[in-house]
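Quantities reported herein were computed from a predicted structural model and do not represent experimental measurements. Count residues from 1 along the sequence.
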Amino acid sequence: MNRRDGIVAYVLVVCALLSALVSRATESFTGSWTLQRSDEPGKIHFALIHRQHGNNSSYESDWSPSAFVGLDVTKPGKQEVKFTITRDAGRFDCEGYLDNGEGAGVFHFLADSKYGSEMKSMGFTGIDEEKQFSMAVMDVSLDFAHEMKGQHLQGLNTDKLIAFRIFNVNSKFIQELRDAGINVTDCDKLVAFRIHGVTPEMVRALHNSGYQPTEDQLIAMRIHGATPEWMAQLQKLGYDKLDIDKLIAFRIHGVTPEFIEKVQTLGYKHPDPNQLIAMRIHGVTPEYITAMKSRGIKDLSIDQLVSLRIQGID
């Protein structure tokens, strides 16, 4: 049996196991799990699948083997397994089957009765059964909540704690940003930084180049691909004094180093940034300029070429 067929076979067993747990589900959550080898050394790829209100929710990531108490994934061959995953928010009791360290089964979640009140004492409210389950899956621990509380962030609440764990916003990341020269206190901005890839290294590189970007500009730069490496290409072409909004406009409209080089080879040395943007907006391409010259329309300025395109002259 190959790896994929083995996993499928174990998932079928889940149905039988899950029916045995339904009678215990009144005070907890039940669902299924799958476990596979991870591409990351020293990790296990683990997924939890939970059905609630007719919808399936799946949580999967690479976990440390130490999270699975009572599980030995190094044991060869087929084996029936029972193991637990303990979080501050509750405990997952798991059972199922493994074949050479990979398999599937069912879980039974038992919520910790003190977790909600302990979180409430720190100001984190609105934790119902479903949210506590999610917080257990994402390992929103009491220590993590206390740690984030100490960062004095704007808009910090229970949902933001969950988002922080999903996107790996932690005190180390926040401090590294501060060390790089930007003090981000807005929770939504921190999550957006992680989603779009704003790193301390990026902030530091921009500061070293003389830029002082805002949080929104940093996010926009990542969304549109205005990276320090791309900026260095522009600098080689003489565009080393552009403000950040202009750089973002270049990316939005497709003003690339390659485009600039082609325009310059046609006799337009160092066009103004606004002219380059206008050319891209109105479709004044190197091919268009070459076509005009082949028809005897030569020595036109960039502004004249843009005007021709606006008037629909092809």
Side-chain angles (χ1 to χ4, degrees), residues 38-44 46 59-67 85-89 115-116 118-127 131-132 134-232 243-245 247-248:
S38 172
D39 293 331
E40 184 178 350
K43 297 285 188 177
I44 294 173
F46 187 69
Y59 309 84
E60 59 180 297
S61 62
D62 293 318
W63 296 43
S64 169
S66 62
I85 303 167
T86 302
R87 310 289 205 193
D88 285 352
Y115 180 78
E118 289 178 305
M119 291 293 289
K120 187 175 181 180
S121 69
M122 287 187 280
F124 298 106
T125 58
I127 302 176
K131 191 160 291 185
Q132 186 163 341
S134 296
M135 296 174 85
V137 172
M138 300 312 305
D139 195 19
V140 181
S141 67
L142 298 172
D143 284 345
F144 180 74
H146 185 267
E147 178 185 317
M148 290 299 100
K149 190 79 173 178
Q151 295 294 331
H152 308 291
L153 303 173
Q154 299 173 11
L156 183 64
N157 56 28
T158 302
D159 289 335
K160 293 300 189 301
L161 285 177
I162 297 172
F164 279 8
R165 293 298 287 171
I166 292 171
F167 296 107
N168 196 28
V169 175
N170 51 40
S171 57
K172 180 177 182 288
F173 177 66
I174 296 170
Q175 187 57 51
E176 287 178 347
L177 287 172
R178 290 171 179 168
D179 292 343
I182 186 166
N183 184 22
V184 185
T185 60
D186 185 280
C187 289
D188 289 331
K189 294 288 174 58
L190 285 166
V191 172
F193 272 27
R194 279 305 207 187
I195 290 172
H196 297 294
V198 177
T199 64
E201 293 76 18
M202 174 185 174
V203 175
R204 190 174 292 109
L206 289 169
H207 284 180
N208 291 340
S209 297
Y211 290 99
Q212 295 294 324
T214 66
E215 295 161 13
D216 288 335
Q217 285 177 326
L218 285 166
I219 294 168
M221 291 178 76
R222 288 299 299 174
I223 289 173
H224 298 292
T227 64
E229 295 77 16
W230 175 78
M231 292 166 60
D243 62 45
I244 288 178
D245 288 338
L247 289 167
I248 293 170

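At a threshold of 4.5 Å between non-hydrogen side-chain atoms, the residues L156 and L161 count as touching. V140 is not listed as a side-chain neighbour of F164, based on a closest heavy-atom distance of 4.5 Å or more. The closest side-chain heavy-atom distance from Q217 to Y211 is not below 4.5 Å. The side-chain heavy atoms of R222 and T227, taken from C-beta on, include a pair separated by under 4.5 Å. When side chains are defined from C-beta on, M221 counts as touching M231, because their heavy atoms get closer than 4.5 Å. Side-chain atoms of H146 and S141, non-hydrogen and from C-beta on, never get closer than 4.5 Å to each other. In this structure, the side chains of M148 and S171 come closer than 4.5 Å at one or more pairs of heavy atoms. I162 places none of its side-chain heavy atoms less than 4.5 Å from the side chain of R165.
In this structure, R204 does not pair ionically with D179, as no charged nitrogen and carboxylate oxygen lie closer than 4.0 Å.
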* **Derivation of the side-chain contact (heavy atoms from CB on, under 4.5 Å) call for K160 and V169** => CA-CA 10 Å; K160 293 300 189 301; V169 175; over 6 Å; no
* To do: Evaluate the criterion side-chain contact (heavy atoms from CB on, under 4.5 Å) for residue pair F144 and D88; output intermediate values, then yes/no.
  => CA-CA 10 Å; F144 180 74; D88 285 352; over 6 Å; no
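Atom CD in Q175 sits 9.0 Å away from atom CG in N183 (nearest 0.5 Å). In this structure, CD1 in I182 is found 9.0 Å from NZ in K189, a value given to the nearest 0.5 Å. For the atom pair I223 CD1 and L218 CG, the distance stands at 11.0 Å (nearest 0.5 Å). Atom NZ in K131 sits 8.5 Å away from atom OG in S134 (nearest 0.5 Å).
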Pair up each side-chain donor or acceptor in residues 190-201 with any protein partner under 3.5 Å, not counting sequence neighbours, and list the distances.
residue, atom, partner, partner atom, Å
R194, NE, N168, O, 2.9
R194, NH2, N168, O, 3.0
T199, OG1, E201, OE1, 3.4
T199, OG1, M202, N, 3.1

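The local environment of NZ in K172 is sparse, with at most 12 non-hydrogen atoms from other residues, nucleotides or ligands closer than 6.0 Å.
Checking side-chain atoms of T125 against main-chain N and O of K120 turns up no donor-acceptor pair under 3.5 Å.
Here the closest non-hydrogen pair linking L153 and C187 is CB-SG, 3.8 Å. Here the closest non-hydrogen pair linking K149 and M122 is NZ-O, 3.0 Å. When all heavy atoms are compared, the tightest approach of G42 to P65 is O-CD, 3.2 Å. When all heavy atoms are compared, the tightest approach of G181 to H207 is O-CE1, 3.4 Å. Residues Y115 and I127 approach most closely at CE2-CD1, 4.3 Å, considering heavy atoms.
Under the side-chain contact (heavy atoms from CB on, under 4.5 Å) test applied with E215, the options D188, T185, V184 reduce to a single match, V184.
Considering only residues two or more places apart in sequence or on other chains, R87 meets the salt bridge (Lys or Arg N to Asp or Glu O under 4.0 Å) condition with D139.
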